[in-house]
Amino acid sequence: MADTTYTFPIGPVHPALKEPTMFKFVMDGEVVVDVDVQPGINHRGIEFIGMRRNVLQTLHLAERICGICSIVHQYAFTLATERAAQVFEVPERAQYIRIIMAELERLHSHLLWAGVAAHELGFDTLLHLSWKIREDVQDVLEIISGNRVNYAMYYPGGVRRDIPPEKIPRIKKVLDHYKENFQMLADTFLGDPVIKHRTVGVGTLSKKDAIATSTVGPTTRASGVMKDVRFDQPYDAYADIDIKPVIPSNYGFEDAGDVYANIVVRLIEVAQSIEIIEYALDNMPSGPYRAEMNVNKVLMMLRKADGEGFGIHEAPRGEMCHYVRLKENQDNLDAWKVRASTYNNILAWQKKLIGQQIADVSIVAASIDPCIGCMDRVAVVDSRTGKEKIMTDVDFHRLSVEKTKRLRK
Amino acid sequence: MKVMNGDEFASYIKDRFGNNVLSMRVDKFKNGVKKSEFHSVWLRVDRSVFKDVMRAITEIHDEAHIAVASGSDLGEEIEIIYHLNLFWGERNRQLTVNLGVRCPKDDPHLPTISDLIPGALITEREKQEFLGITIDGIPDPRRLFLAENTPEGFYPWRKDEDQQEKLKKLYRDVHEEGV
Amino acid sequence: MDLKKTFDQALWVFHLNTGSCNGCDIEIVAALTPRYDVERFGIKLVGSPRHADVLLMTGPVTRAMAPRVKRVYNQTPDPKVVLVIGNCGTTTGVFYESYNILGPIDHFLKQIDPDVKIVYVPGCPPRPEAIIDAVAKAWLVLEELRGDNK
Ligand code: SF4
């Protein structure tokens with residue numbers, strides 16, 4: 001197998017994980033009995049490259065680990081660098097700008113996921129609706145940073161750009177617009193009988209398994225696990241805000257860990273993010289936004305630093321970690337390790353997929369919010385005939401759409 | 001589960017493992033306008049007690065969360081650091097523990113911890129292929145990320161003297177033979 | 001640019017990610033969804049290279065993807081145009097010195113077809129407008145190719 005793979009990845013990225021992942025399913029008729037995940041196709045050796053460049057160059061490289069969660073890698077990398085160097089006092093204003101950016105990122109990422117999930121169910125109208133709504137937050141990100149993807153906002157010792165007061169009304173306008181539209185989106189996703197049929201009880205993950213396999217993010221919260229870095233170990237301005245992890249049972253849903261619970265968690269997190277951004281915009285202290293404005297001085301400080309640091313950030317897809325070690329009189333990083341969220345969710349994937357019908361595979365796989373490209377090539381082995389059949393994303397999508405059509409009747 | 005802060009955890013481990021704890025440091029970080037604080041413990045232990053320390057940690061918190069294991073080549077030795085999060089589930093209670101252990105390059109073996117924390121499997125597989133160490137007892141030793149056509153014996157994160165040579169050869173193969 | 005007023009045929013594109021960071025890929029999808037909505041021009045993303053007129057390729061070529069780039073290119077019927085989207089695909093961008101990145105996309109395409117027609121879209125990532133503009137350019141190239149074939 002694996003010789004005709006073509007790929008269509010859209011999704012959260014890890015140097016090694018953000019890729020057209022390959023699955024190998026063992027099937028009994030329509031039901032998955034075993035599955036093996038084989039990542040590595042998109043492996044770009046980013047940690048290796050990073051160990052050959054200086055910290056500020058690596059900052060840009062880190063952003064390009066994933067175009068969808070770009071800010072997330074920059075954030076965790078910046079935290080790790082600051083904790084390793086221990087020479088920067090991050091101004092309070094910068095801490096607030098950081099979380100505003102991180103939450104805007106979460107908004108766009110969850111809306112993107114909602115669209116992708118709808119697409120996997122064969123509900124393309126909803127895909128277009130979610131992506132249309134998503135464009136507004138892209139506008140805000142562009143107003144603040146100047147780019148729609150790869151915002152380059154974080155910087156050791158603060159942020160690269162300020163959010164001046166004159167931009168705030170525009171941001172608030174978009175947030176209000178979201179609040180108006182949120183109910184419509186929630187009703188469509190949570191109330192639609194066909195979506196319910198396709199997602200309730202599909203791809204479940206028990207609380208016990210979620211904890212044992214160290215899953216992270218909405219995937220683990222959908223199973224009822226109270227895990228959220230913003231709550232467990234509040235960093236930067238999150239320390240000032242009382243954030244509760246979103247658990248379905250707190251909102252009258254079941255902690256089933258199924259696809260439906262995943263939708264619930266992400267939708268409620270959209271509302272939560274809006275609240276956090278509003279709070280942060282209103283309470284942002286004044287003052288400088290970066291500890292050291294001179295780039296050469298920052299580089300010198302980093303060159304003199306010696307130590308190691310571990311940065312954790314709660315990304316839209318869950319806990320994101322970077323480990324950084326700096327050595328004195330050395331420009332490049334001495335060691336670097338990137339851990340993206342999906343990396344910890346691979347094992348949960350296996351648990352979720354076993355026992356599923358083949359038509360449900362694409363939505364279950366999408367429920368942990370990987371790249372949909374992850375589904376782009378799967379070898380299906382029918383355990384009764386032993387025949388191997390290669391299926392593509394298109395086939396899965398067709399099966400999934402057919403199932404939805406059957407249910408509508 | 002007995003909740004501890006960084007200092008308490010450090011002294012507990014030190015009392016229990018004595019001289020086998022090679023180094024220990026507690027970092028404290030202040031955040032936000034309110035300057036609330038969280039702790040992060042860095043410790044290095046001897047390889048002979050590594051598994052016991054890990055077991056002690058899972059005894060302290062049986063739902064310990066493994067974030068990742070990072071690894072690097074120190075020249076003569078290879079160091080793996082396991083990053084664990086303990087006491088999650090309550091506001092501002094989480095303690096990050098970074099547990100480092102070294103093994104010499106001529107005997108690159110470490111015991112698996114996936115029996116204690118099943119979630120460690122993926123990161124252990126990755127350490128094997130990127131640093132050329134052997135995790136004894138790993139339930140699934142296959143490669144994870146490197147492509148099938150990457151030659152055996154090439155470990156990307158090694159800083160061996162012949163690493164440059166190996167890299168050059170890798171490029172030469174590709175460009176001369178095509179893919 | 002003397003683009004015809006109307007397209008005489010819908011343009012179908014196939015998207016191949018050869019190891020990109022997905023930044024370019026979401027911008028492609030953004031171009032398809034309501035704000036930019038290229039589907040109104042009949043430009044449609046298809047699931048197989050065998051149906052495609054245009055190949056969209058993003059990202060530097062990783063070791064595992066290199067053989068597949070060639071395969072996909074060979075599977076696409078003539079006449080075809082390749083759109084290389086993003087700095088990574090054009091030059092390998094920030095990933096230039098990795099052991100697992102074998103080179104920019106055109107390096108591999110030229111090995112199998114020296115006359116390959118490529119439209120480069122630099123940017124990291126390029127904006128959806130730039131992608132739409134490039135598709136229009138690809139359209140012109142295709143028209144030319146079709147004319148040659150007559
Ligand atoms: S050009 Fe930039 S956005 Fe596009 S794949 Fe490369 S790094 Fe990502």
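All chains are named by letter (A, B, ...) in the order of the sequence lines, taking the proteins before the strands, and each is independently numbered beginning at 1.
Identified by a heavy-atom distance below 4.5 Å to chain B, the contributing residues of residues 88-97 of chain A are A/Glu92, A/Gln95, A/Tyr96, in residue-number order. Contact annotation for residues 226-238 of chain A against chain B (heavy-atom separation below 4.5 Å, listed by residue number): A/Met226, A/Lys227, A/Arg230, A/Phe231, A/Asp232, A/Gln233, A/Pro234, A/Tyr235, A/Asp236, A/Ala237, A/Tyr238.
In this structure, B/Arg44 and A/Glu308 approach most closely via the heavy-atom pair NH2-OE2, 2.8 Å. Taking all atoms of both residues into account, the shortest heavy-atom contact from B/Ser70 to A/Tyr323 is OG-CD2, 3.3 Å. Between B/Pro118 and A/Ala212, the shortest heavy-atom distance links the atoms CD-O, 3.3 Å.
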I'd like to know whether B/Val68 forms a side-chain contact (heavy atoms from CB on, under 4.5 Å) with A/Lys337, so could you lay out the CA-CA distance, the side-chain angles of the two residues, the decisive distance to 0.1 Å, and finally the verdict.
CA-CA 9 Å; B/Val68 72; A/Lys337 172 82 196 110; 3.8 Å; yes
Candidate pair A/Phe310 and B/Ile81, rule side-chain contact (heavy atoms from CB on, under 4.5 Å), full reasoning
CA-CA 11 Å; A/Phe310 189 59; B/Ile81 305 177; over 6 Å; no
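If you measure heavy-atom distances from B/Glu79 to chain A, the contacts under 4.5 Å come from the side chain alone. Residue contact with chain B, scored on non-hydrogen atoms closer than 4.5 Å, is absent for A/Asn283. Both the backbone and the side chain of B/Asn92 come within less than 4.5 Å of a heavy atom in chain A. B/Leu84 does not touch chain A: none of its heavy atoms, backbone or side chain, sits under 4.5 Å away. Neither the backbone nor the side chain of B/Ala120 comes within contact range of chain A, judged by heavy atoms closer than 4.5 Å.
Interface remark: of the candidates B/Thr96, B/Leu121, B/Asp62, B/Thr96 forms the most heavy-atom pairs closer than 4.5 Å to chain A. Per-residue counts of heavy-atom pairs under 4.5 Å with chain A were compared for B/His83, B/Arg93, B/Lys35; the largest is that of B/His83. The residue among B/Val33, B/Ile117, B/Ile66 with the most heavy atom pairs within less than 4.5 Å of chain A is B/Val33. Chain B forms more heavy-atom pairs under 4.5 Å with one residue of A/Ile243, A/Asp209, A/Ile241 than with any other, namely A/Ile241.
A/Leu79 is not listed as a side-chain neighbour of B/Phe29, based on a closest heavy-atom distance of 4.5 Å or more. Using a 4.5 Å heavy-atom cutoff, the side chains of A/Val225 and B/Glu63 are not in contact.
Atom NZ of A/Lys208 is surrounded by 12 or fewer heavy atoms from other residues, nucleotides or ligands within 6.0 Å. Within 6.0 Å of atom CG in B/Asn19, 12 or fewer heavy atoms from other residues, nucleotides or ligands are found, so the atom counts as exposed in its surroundings. Environment of CD in A/Glu328: crowded, with over 12 heavy atoms of neighbouring residues, nucleotides or ligands closer than 6.0 Å. Other residues, nucleotides and ligands contribute at most 12 non-hydrogen atoms within 6.0 Å of the NZ atom of A/Lys327.
Considering OG1 of A/Thr213 and CD1 of B/Ile122, their distance stands at 10.0 Å, rounded to 0.5 Å. Of the inter-residue distances, the one linking B/Lys34 atom NZ with A/Asp240 atom CG reads 5.0 Å to the nearest 0.5 angstrom.
The pair A/Lys244-B/Glu90 does not meet the salt-bridge criterion, since no charged nitrogen lies less than 4.0 angstrom from a carboxylate oxygen. Here B/Glu126 does not pair with A/Arg339 in a salt bridge; the nearest charged N to carboxylate O distance is not below 4.0 Å.
Looking at B/Asn85 and A/Glu319, their side chains do bring a donor and an acceptor atom within 3.5 Å of each other.
Not one N or O on the side chain of B/Ser72 forms a donor-acceptor pair closer than 3.5 Å with the backbone of A/Ala335.
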